[in-house]
Amino acid sequence: MDDSLFNESFLTESPPQSLLDNLNASQTAAVTHGKGPLLILAGPGSGKTRVITRRVAWLLQQGIHPSRILAITFTNKAAQEMRHRVEALTPHSQVHISTFHSFGVRLLREFSQRANLERNFGVYDMDDREKLLKLAMEDAGIATSSSNVGSFGNAISKCKNQLVTPEIFCEGVRDYFGQMVAKIYPKYQVRLKNANACDFDDLLYIPALLLQKDKTLREELDNRWHYTLVDEYQDTNKAQYAIARDLNINHPNLCVVGDPDQSIYRFRGSDIRNIMDFERDYPNTKVIKLGENYRSTGNILAVADTLIRKNSERKPKPLITNNHHGKPVTLTIYETGDSEALGVAGKIVETVVGKKWNYRDIAVFVRTNALTRPLEGAFTGSKIPFKIVKGLAYFERKENKDVLAYLRLMVNPRDDIGFLRIVNEPTRKIGKTTLDQLGLFAKEQGLCLMEAARRANLIAGLRPAVVKALMDFARMMDGLNSLVDGSPVDAVRTLLEKSGYKRSLETSGNAEDKQRLENIEEMITAADIFIKNQPTGSVHGFLENVALSSNLDGYDNDSNCVSIMTLHAAKGLEFPVVFMIAMEEGILPSSFALPSGPVETSNSKEIEEERRLAFVGMTRAMNELYLGYCDERSFRGITRATMPSRFIRDLDDANEAMEVIDLTRNNMGFGHAPEPWDLPDLISNKTTPIPIKPKPVPVSLTAADPTRSPNKSPPKVREGSIINHSSYGLGKVIEISGTGVLMKVRIQFKTAGIRAFLLEKVTLEVLAPGTRF
DNA sequence: TGGATAGATTTTTTT
DNA sequence: AATCTATCCA
C-alpha cells in the first residue's frame, strides 16, 4: 500500500536510486537481498549500520509495509541511530525499531494476561533485584550476610538467559552452591510475581517461554512481522535466540548482522555459537561477508588483525582496507598508573594544542570502571574537558531513585521494594523493627506491604504512633494515585510536595541536600523532554523509559570533550584517536579470565573473549591508536608489580606497524616487574620453551652499565645518526623531539621496526656517519 | 529510631 | 582507597 507516499518522500529527502549509492558489491547484495534468511558477517568499520538502514529503506521501497518490518538492536543508542537514519531515508515510515529488552516489555504489556502479569508491572533494575534477592534468601532460610548475594543473582540471571526455569534447574543440581540457588531461585520468582515486577532478564525470559508455550501467540506474532533484522547477533543469548527463532518460522526472512570477533558479552549469557551456527539453524541462508574496512588506517588494522588471529575459536577472516598505513600504533610503557594517566593527558594536550585533533575526537578506553579514577585526576589537572560514559543506570543518584520509587509505587502498589525504599524517606519514624513486623504481617495475610500499611491498625504489638505513621503514609500514597495517568512532570512535582520529600531537603540545612534538589530538577527536565517526545506518555511510560535507558544512551559527541569509557561501552563507536590503557595481565585480560587453577590452556574461552574485547577497542580507532601499560599499579590501596598483557606479546608479529616508547626508569633487577618473556612459559599451551625474546626495554645507561656514566658524554645522537642498540641492533634515528628529560628519540631499526626511547635513558652506540645501514 | 564511628570488605564487563 | 556494615549511644 501507499507506495506512492514513500516514493514521494524519497524524491524530497533522498532519491530512490541513492539507496544503492556508495555501496560496494557485497553491501549492495546485502541491501537488496529478497526473501529468505540472510547472514551478514560484518567486520569492524565495514559499513554495517549503513547496510542495515539502507536495507530497511530498500524493503520499504519494494512495497513492504513498514508495520511488517521489525528491527532489533542491543542498545537504545543503536536503536535511536537506526531510527534516525531510516527516518532520513524514508520519513515517517514508522518501522518498529527497538532493543531486545524494550521489545520484550512491549510484548509483555500487550500480552500481560497470557504471561500471567498485571499490565502495570514494573521493571526492576540491578539495585532492586539485589534487594528482592535478599528477601528471597530470607524466605529460603539462607543468611543474607554471607557476602555472596551477588553471585546468587548472577546464577539466577544466567539461568534465565539460558531459559532454565526453577524447575529445570532443580533437576540438574549437583554441587552445594547449586543447591542454594535451587532454594533461592523459586522464592525469588515468587517475590517478583507478588511484587508484579520483572527484572531485566525476565523481559527476555518470559516472552521467550511464552512463545514456546503458546503456539497460537507464536503464530500470530510470526505473521505480524514478515521481515526481521537483528543487529549485533553475535551477542545474543539463548533467550534472544529463541525469540528471534520463534518469530521467523512462517516467514523466515530473518536478517542478522554481526561479527563473531566482536562477541564480548559471554558473561551475560551471549553465545557465540548463535552466529557461528546460523547457517545450520536456518537452511538456505545467504551469507554475505562485509570485509573491507573503511574506518581505520592500515597500521591499526594490521595490529588488530595480528591480535585477533591468535584466537583459535573463530572463522578466519582477513581485515582489508584501502586506507593508507597512517602513523604506527604506539605502545607506551609507564612506571605507575598515575604516570600513565599523566602521560595520556600530556599526549592529548599536545595533540589538541597542535590543532591536530579536537577533544571530541579522542577517547580513552578502560577495562574496568575503577580505572577511570586516575584519568579523572590527570585530566582535571591538565584542564582537559572529559566525560565519563558509563553504562550504568542513568538515574543512579539516591534522590532520583527515591523519586522514581514514589512513582513506581503509585503505578504499582505491590512494588514492595519501592515501598521499602521510600516508606521512611523522608523519615517518618518508621524503622527497621516496625518494618520487620509489617513484613511479617504482610506475609501472614498474603498482602503487599502497601496494603499491610493501610491496615496497620490490625497489627498486634505496634505502638500507636507507628500505626498512625504507617496509615498516614498509605493514605498519602492513595492521595497521589490519581496522578498516574497524567504527565510525569506534574506527578513528580506533586509527590515532592505531598510526601514532604522536598521540604525535608530544603530545611535540612545540609549543603548536599541543595545539590540533591537540583538533581531532582534535572530529572523533572528529563520527564519534560520525555513528554515533549511522546505527548501521550504517562508516568508509566516514563518509568519504563528510565528503566531501560542507560547513561551510554545519553552519550553524544556534541560537547567538545574527551570520552572515557569501558571497552564494552565502546562497541559500535569510532574515534579518530584512541587510547587503551592498563594493558596488563589481570586487567586486560581480566583476572576473572585467567586460569585460576594450575596451568590451563591460554586459549580458554574467557581469554579469547578478552582478546576480542581488546580487538573491539583497537578497531574503534580511525587514525591513531595508543596502547599503554605500566610496571606497577595500585589497586585497593596496595601497589603491586604488574605483568604486561599477553595481548601485548601477541603483537610481536606486528612490529612494522608499531613503535614502542618506554618511559620507565629501568632499574633492572630490583623492583622491576617480570615480563612474560622473562618467565618460564606458563601461559601458553606450548610444551616447548619459547625462545627468550629481547626485552623491548632499552638498557638504562646508569643502572645497567656502570662503566658508562652519562658524564662520559658519548658522541651526540642527531637525526640521521646510525646507531647500535644493545637489544635491537642497528637503526637510524629518524626523529628527535621534546626537551630536557623528556627528549625522545625515534629510531627506525633494521629488524625491529620503529621504536622510540627517552634519550636520557637509552643506551645507544653512535656509529660513524658513513656506516652502511 | 537514627546517626556516628570504627571495622570490614571489595567489584569485570551491562541490558 | 573508598565504600559498605555492624555496633553502639543519644
Side-chain angles (χ1 to χ4, degrees), chain A residues 72-79 98-105 123-126 129-130 134 144-151 153-154 157-158 160-161 198-205 232 235-237 239-240 263-270 337-338 365-374 377 389-394 396 424-436 463 465-466 469 508 510 544 546-553 565-572 582 586-594 606 609-610 612-614 616-617 633-639:
Chain A
I72 299 182
T73 64
F74 268 77
T75 62
N76 287 300
K77 183 177 162 52
S98 67
T99 65
F100 257 114
H101 286 83
S102 53
F103 178 71
V105 173
V123 178
Y124 276 3
D125 65 14
M126 293 285 280
R129 181 181 91 170
E130 192 169 314
K134 281 186 181 163
T144 53
S145 56
S146 56
S147 61
N148 41 16
V149 182
S151 59
N154 286 339
S157 174
K158 209 167 181 179
K160 291 185 179 180
N161 289 161
C198 289
D199 64 16
F200 273 133
D201 303 314
D202 284 337
L203 302 180
L204 305 171
Y205 168 78
E232 307 279 16
D235 284 326
T236 48
N237 60 34
Q240 290 159 329
S263 166
I264 55 173
Y265 283 103
R266 217 173 96 87
F267 71 91
R268 71 173 193 213
S270 75
D338 285 333
F365 299 157
V366 294
R367 173 68 240 260
T368 70
N369 283 305
L371 288 167
T372 60
R373 201 172 288 271
V389 183
K390 280 203 188 148
L392 289 165
Y394 187 19
E396 55 188 355
N424 202 33
E425 198 70 50
T427 172
R428 299 183 176 94
K429 306 261 180 201
I430 300 169
K432 189 168 184 316
T433 14
T434 309
L435 289 175
D436 283 346
R463 294 204 323 272
V466 174
S508 79
N510 190 333
E544 197 154 293
V546 169
L548 297 176
S549 72
S550 72
N551 228 349
L552 179 60
D553 304 323
M565 65 186 84
T566 63
L567 286 163
H568 284 88
K571 192 162 82 159
I587 295 182
L588 182 65
S590 153
S591 53
F592 278 66
L594 256 29
E606 282 78 14
E609 171 134 330
E610 296 286 316
R612 289 194 291 269
L613 197 50
V616 166
R633 184 173 296 280
S634 55
F635 184 58
R636 285 190 204 157
I638 48 170
T639 304

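To find a chain, count down the sequence lines: A is the first, B the second, and so on, and within it residues start at 1. Keep in mind that the numbers below use all heavy atoms, side chains included, and drop hydrogens, waters and symmetry copies.
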Between A:Thr566 and B:dT14, does any side-chain N or O lie under 4.0 Å from OP1 or OP2?
yes
Given atom CD of A:Glu232 and atom P of B:dT15, what is their separation to the nearest angstrom?
12 Å
Within the 4.0 Å heavy-atom criterion, would you say A:Tyr265 contacts the bases, only the backbone, or no part of the nucleic acid?
sugar-phosphate
Between the main-chain N or O of A:Thr427 and the side-chain N or O of A:Asn424, is there a donor-acceptor pair closer than 3.5 Å?
no
Please report, rounded to the nearest Å, how far the P atom of B:dT13 is from the NE2 atom of A:His568.
9 Å
Quick one: label A:Ser634 by what it contacts on the DNA or RNA (base, sugar-phosphate, nothing), any heavy atom closer than 4.0 Å.
nothing
Please report, rounded to the nearest Å, how far the P atom of B:dT15 is from the CD1 atom of A:Ile72.
17 Å
Nearest whole Å is fine: how far is B:dT11 C1' from A:Ile638 CD1?
14 Å
Does A:Thr73 have any side-chain contact (heavy atoms from CB on, under 4.5 Å) partners at least two apart in sequence or in another chain, and if so, which?
A:Ala78, A:Ala79, A:Met82, A:Thr99, A:Asp231
Can a side chain N or O of A:Thr427 be found less than 4.0 Å away from OP1 or OP2 on B:dG2?
yes
Distance, rounded to the nearest Å, where A:Phe365 contributes CZ and B:dT12 contributes C1'
17 Å
Rounding to an integer number of Å, can you tell me how far A:Glu130 CD sits from B:dT14 C1'?
15 Å
Electrostatic pair A:Asp201:A:Arg129 at N-O distance under 4.0 angstrom
yes
Let me confirm one number: the CZ-CG distance from A:Phe103 to A:Leu203, rounded to the nearest 0.5 Å.
12.5 Å
Using a heavy-atom cut-off of under 4.0 Å over every strand shown, decide if A:Asn424 touches base, sugar-phosphate, or nothing.
sugar-phosphate
Nearest-nucleotide comparison on DNA chain B, the residue closer to the 5′ end among A:Val466 and A:Glu610:
A:Val466
Quick one: CD on A:Glu610 to CD1 on A:Ile264, what's the gap to the nearest 0.5 Å?
10.0 Å
Using a cut-off of strictly less than 4.0 Å, decide whether A:Asn161 has a side-chain nitrogen or oxygen near OP1 or OP2 of B:dT15.
no
Given B:dT12, C:dA2, B:dT14, the nucleotide with the shortest approach to the side chain of A:Arg373:
C:dA2
Rounded to whole angstroms, how far apart are NZ on A:Lys158 and C1' on B:dT12?
14 Å
Taking atom C1' in both C:dT5 and B:dT12, what distance in whole Å separates the two?
24 Å
Would you say A:Phe267 stacks on B:dT13, if stacking means ring centres under 5.5 Å apart and planes within less than 30 degrees?
yes
Taking only N and O in the side chain of A:Asn369, is any of them less than 4.0 Å away from OP1 or OP2 of B:dT13?
yes
Considering every strand and a 4.0 Å limit on heavy-atom distances, what is the contact class for A:Thr434: base, sugar-phosphate, or nothing?
sugar-phosphate
Do the charged groups of A:Asp199 and A:Lys160 touch, with an N to O distance under 4.0 Å?
yes
Hey, does A:Thr368 reach any base, or is it just sugar-phosphate, or nothing, if we go heavy atoms under 4.0 Å?
sugar-phosphate
Within the 4.0 Å heavy-atom criterion, would you say A:Phe74 contacts the bases, only the backbone, or no part of the nucleic acid?
sugar-phosphate
Rounded to whole Å, the CG-C1' distance (A:Asn154 to B:dT12) equals 10 Å
